[in-house]
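For reference, the structure discussed in these notes is given below.
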Amino acid sequence: MDTEFGATQITVTIPYEGEQAEGEPTNMGQVLHTTYDALAAWGELLGSQSPGQTIQIMLDSATTPEQVDEDGRNPWTIAYESLDAALSDTVAPTMVLTADEASLNDPLTAAQQRTLSALGATTTTRPARARSKRSTDTSVAAMFDMAIAEDSTASAALNQAQEQFYQQFMPEERNNNER
């Protein structure tokens, strides 16, 4: 895997490691171009454990078309609404659940799981790629996490993007008072 960090963009390249079938087009693997803002938004909306896990989800969902219902809602709508509700303290309480049950059944986690499912990914397993072989999905996540940890400029850019992502959920008057 090769990772390049730019001022605003990230490029992840995963070369194809399988055998090429004769007569078939050459498979060059996968390339993901994204921004720190997109990486932060995906990670926060999906409840990813790390930037590497978010990159893995982005790679796995690249071939899954987004479904839009008749009301114009897509898989991201419920994730945004649930995160906004969680940050606004308007989520229904889960006090009757044990701590383990609450973490798995709260509305935000449920929304994240629905969005992951609609994108063709889950938090524990990733669907196999039809045209690209990788040693393990976790190695992609781990390699990306190591690469971003070793690049202080990229880490700072991602942290700033995460802060900016959450600013959109802050009430305007509170947001203005903190400046």
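Keep in mind that the numbers below use all heavy atoms, side chains included, and drop hydrogens, waters and symmetry copies.
Taking CG of Leu83 as the start and OG1 of Thr115 as the end, the distance is 10.5 Å to the nearest 0.5 Å. For the atom pair OG of Ser48 and CD1 of Ile55, the computed distance is 9.5 Å after rounding to the nearest 0.5 Å. Expressed to the nearest 0.5 Å, how far CD1 of Ile10 lies from CG of Leu39 amounts to 5.0 Å. In this structure, the separation between CD on Gln112 and OG on Ser117 is 13.5 Å, given to the nearest 0.5 Å. To the nearest 0.5 angstrom, Ile78 atom CD1 is 3.5 Å from Arg114 atom CZ. The CG atom of Leu45 lies 11.0 Å from the CD1 atom of Ile57; values are rounded to the nearest 0.5 Å.
Closest of all the heavy-atom pairs between Ala111 and Ser82 is CB-OG, 3.1 Å. Leu59 and Gln30 get closest at one heavy-atom pair: O-NE2, 3.2 Å. Of all non-hydrogen atoms in Gln53 and Ala141, the two that sit nearest each other are N-CB, 3.7 Å. The two atoms that bring Leu119 and Ser61 nearest to each other are O-CB, 3.1 Å, heavy atoms only. Counting all heavy atoms, side chain and backbone alike, Met58 lies closest to Thr34 at CE-OG1, 3.4 Å.
The salt bridge (Lys or Arg N to Asp or Glu O under 4.0 Å) contacts involving residues 71-80 comprise Arg73-Glu81, where partners must be two or more places apart or lie in separate chains. Applying the ring-ring contact (aromatic ring centres under 6.0 Å, His included) definition to pairs two or more places apart or across chains, those involving residues 33-69 are Trp42-Trp76. Applying the side-chain hydrogen bond (donor to acceptor under 3.5 Å, both in side chains) rule to pairs touching residues 142-154 yields Ser50-Asp145, sequence neighbours excluded.
Partners of Phe144 under the ring-ring contact (aromatic ring centres under 6.0 Å, His included) rule, at least two apart in sequence or in another chain, are Phe5. Looking at residues two or more places apart in sequence or on another chain, you find a side-chain contact (heavy atoms from CB on, under 4.5 Å) between Thr13 and Asp2, Thr11, Val31. Applying the side-chain hydrogen bond (donor to acceptor under 3.5 Å, both in side chains) criterion to Thr3, with sequence neighbours excluded, gives no partner residue. Considering only residues two or more places apart in sequence or on other chains, Tyr80 meets the side-chain hydrogen bond (donor to acceptor under 3.5 Å, both in side chains) condition with none of them. Residues that satisfy the side-chain hydrogen bond (donor to acceptor under 3.5 Å, both in side chains) test with Asp37, not counting sequence neighbours, are absent from this structure. With sequence neighbours left out, Phe169 forms a ring-ring contact (aromatic ring centres under 6.0 Å, His included) with Phe165.
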